[in-house]
Amino acid sequence: MHETPPAVEIAGLVKRYGDKTAVQGLDLVVDRGKLTAVLGPNGAGKTSTIECCEGYRRPDGGAVRVLGLDPIADAARLRPRIGVMLQSGGIYQAVRAMEMLRHVASLYANPLNVDELAARLGLDSCGKTSFRRLSGGQQQRLSLALAVVGRPELIFLDEPTAGLDVQARHATWELIEQLRADGVTVVLTTHLLDEAERLADKVAIIDAGRVIAYDTPQRLADTTKEQDSIRFDAPAGLDLTALSIAVAPGAQATEPVAGSYHVTGEITPDILAATTAWCASLGLMPRNLQIEQRSLEDVFLDLTGRELR
């Protein structure tokens with residue numbers, strides 16, 4: 001009995017453009033049926049990595065396997081099983097939206113219902129409009145529809161909600177979540193860290209051509225729990241030592257601004273309860289109380305640098 005290979009398996013990937021090495025020995029394994037978000041600053045190598053997986057670029061070193069196949073040598077066998085959403089290009093400018101969607105659907109043995117997909121993504125109202133006359137958001141949604149209409153086993157989504165309004169973004173998220181629920185493997189590249197945090201089972205952060213972190217969003221955020229904090233306002237000059245002792249061993253209370261208190265540590269329900277109980281013991285009502293926890297954005301900035309590139 002043969003073991004099913006991962007959806008994507010990358011080992012020692014190298015990709016060069018002249019004298020520049022964009023990808024430097026990158027390793028990554030994407031599990032089937034999961035959504036993996038690939039993040040990285042501009043120039044980190046994530047686009048080159050994905051294009052090697054899609055078969056658009058030939059690696060200069062290492063190995064790439066997609067659904068157990070070589071994206072270059074086995075392209076004809078692989079293409080019917082994957083969906084690719086591009087940010088631009090690949091669609092005839094004069095073709096009407098629904099004509100294009102129906103044509104692509106006809107190429108597959110068991111496509112999704114075209115009318116239902118178009119309605120879900122808000123394309124039914126612009127179906128007779130040529131691609132060049134669609135708004136940027138409509139073009140983006142049509143590109144997504146073309147990528148998923150063939151019921152792929154694996155789909156690569158490049159910035160799927162770029163330029164979309166709030167309603168269209170949420171509709172797109174719901175479609176992506178349904179794909180994953182149906183067992184489709186999704187590889188998502190996005191600059192929207194809240195999108196990755198909401199959708200991803202795992203996040204791969206790429207910088208300087210290598211994967212520098214790969215885990216669930218929660219575990220990545222939990223790597224430095226000491227930076228979580230409870231914040232509240234109260235009269236200035238409270239006893240910080242007493243507050244630290246009352247909350248928990250290892251917790252630290254500070255007053256960075258007069259009347260603004262921070263309790264930092266591994267924030268748990270017990271620590272939150274102890275903080276409010278301490279305030280109650282002094283007859284104080286903590287104002288503007290909030291819990292601030294590390295986010296994926298914090299982790300990303302810490303790992304890749306907080307300066308713009």
Side-chain angles (χ1 to χ4, degrees), residues 5-32 34-91 140 143 146-147 152-160 162 185-193 195-196 200 202-215 220 296-297 299-309:
V8 177
E9 191 169 14
I10 304 172
L13 175 64
V14 176
K15 182 60 192 174
R16 303 185 187 92
Y17 301 97
D19 295 334
K20 179 183 178 182
T21 302
V23 185
Q24 307 187 53
L26 184 143
D27 299 313
L28 180 65
V29 175
V30 174
D31 296 327
R32 289 186 183 242
K34 303 295 184 182
L35 191 151
T36 297
V38 179
L39 310 178
N42 292 332
K46 60 184 184 298
T47 299
S48 295
T49 298
I50 297 301
E51 288 179 345
C52 287
C53 293
E54 294 166 343
Y56 294 131
R57 296 196 183 276
R58 186 180 297 276
D60 295 307
V64 177
R65 307 292 288 183
V66 176
L67 301 177
L69 301 174
D70 184 313
I72 301 291
D74 301 317
R77 295 167 58 195
L78 188 59
R79 284 194 192 107
R81 301 173 62 189
I82 68 172
V84 176
M85 178 186 178
L86 303 175
Q87 276 192 287
S88 61
I91 301 178
Q140 192 79 347
S143 296
L146 294 172
E153 297 174 46
L154 166 64
I155 183 169
F156 295 95
L157 301 180
D158 186 13
E159 304 286 349
T185 304
V186 181
V187 177
L188 166 73
T189 54
T190 180
H191 283 93
L192 301 175
L193 297 181
E195 180 169 89
K202 283 192 174 182
V203 172
I205 300 177
I206 294 177
D207 197 20
R210 292 186 175 90
V211 174
I212 59 173
Y214 185 43
D215 213 327
L220 287 174
L296 183 58
E297 181 175 352
V299 175
F300 180 85
L301 292 173
D302 285 348
L303 290 174
T304 63
R306 292 180 177 268
E307 75 282 0
L308 293 175
R309 303 196 182 177

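Owing to the predicted nature of the structure, the values given are computational and were not obtained by experimental measurement.
Evaluation of the side chain to side chain contact (heavy atoms under 4.5 Å, CB included) rule for Val84 yields Glu54, Tyr56, Ile82, Leu86, Phe156 as partners, not counting sequence neighbours. Listed by chain and residue number, Glu153 satisfy the salt bridge (Lys or Arg N to Asp or Glu O under 4.0 Å) test with Arg32 (two or more places apart in sequence, or in another chain). Here Ser48 pairs with Lys15, Tyr17, Ala22, Val23 under the side chain to side chain contact (heavy atoms under 4.5 Å, CB included) rule; sequence neighbours left out. Taking the side chain to side chain donor-acceptor pair (under 3.5 Å) definition, one finds that Thr36 meets it with nothing, sequence neighbours left out. Remark: Arg57 engages Glu51 in a salt bridge (Lys or Arg N to Asp or Glu O under 4.0 Å) (not counting sequence neighbours). Qualifying side chain to side chain donor-acceptor pair (under 3.5 Å) partners for Thr21, counting only residues two or more places apart in sequence or in other chains: none. With sequence neighbours excluded, no residue forms a salt bridge (Lys or Arg N to Asp or Glu O under 4.0 Å) with Arg58. Not counting sequence neighbours, Asp27 has no partner by the salt bridge (Lys or Arg N to Asp or Glu O under 4.0 Å) test.
The two residues Met85 and Leu157 come nearest to each other via the heavy atoms CB-CD2, 3.8 Å. Taking every heavy atom of both residues into account, Arg16 and Asp60 meet most closely at N-OD2, 2.6 Å. Shown here for Leu39 and Ala196, the closest heavy-atom pair between the two residues is CD2-CB, 4.0 Å. Of all the heavy atoms in Pro152 and Gly83, the pair that sits closest is CB-N, 3.4 Å. Residues Val30 and Tyr214 come closest through the heavy atom pair CA-OH, 4.0 Å. Across every non-hydrogen atom of Asp31 and Lys202, the tightest pair is OD2-NZ, 4.0 Å.
You'll find the side chain of Thr47 stays beyond 4.5 Å of the side chain of Thr189, heavy atoms only. When side chains are defined from C-beta on, Glu195 counts as touching Pro160, because their heavy atoms get closer than 4.5 Å. Within the 4.5 Å cutoff, no side-chain heavy atoms of Val187 are placed close to those of Cys53. Contact of the Val203 side chain with the Leu220 side chain is registered, since non-hydrogen atoms from C-beta on lie closer than 4.5 Å.
Atoms CD1 and CD1, on Ile10 and Ile50 in that order, are 6.5 Å from each other to the nearest 0.5 Å. With rounding to the nearest 0.5 Å, the separation of CG in Leu188 from CD in Glu159 is 8.0 Å.
Not one N or O on the side chain of Arg210 forms a donor-acceptor pair closer than 3.5 Å with the backbone of Leu26.
Donor-acceptor pairing under 3.5 Å is lacking for the side chains of Asp207 and Thr304.
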Could you give me the CA-CA distance, side-chain angles and deciding distance for Leu13 and Gln24, then say whether side-chain contact (heavy atoms from CB on, under 4.5 Å) is met? CA-CA 7 Å; Leu13 175 64; Gln24 307 187 53; over 6 Å; no
Quick one: side chains of residues 61-70, donor-acceptor pairs under 3.5 Å with protein atoms, not counting sequence neighbours, listed by atom name and distance.
unit_1 : atom_1 : unit_2 : atom_2 : d
Arg65  : NE     : Gly68  : O      : 3.4
Arg65  : NH2    : Gly68  : O      : 2.8
Asp70  : OD1    : Ile72  : N      : 2.8
Asp70  : OD1    : Ala73  : N      : 3.1

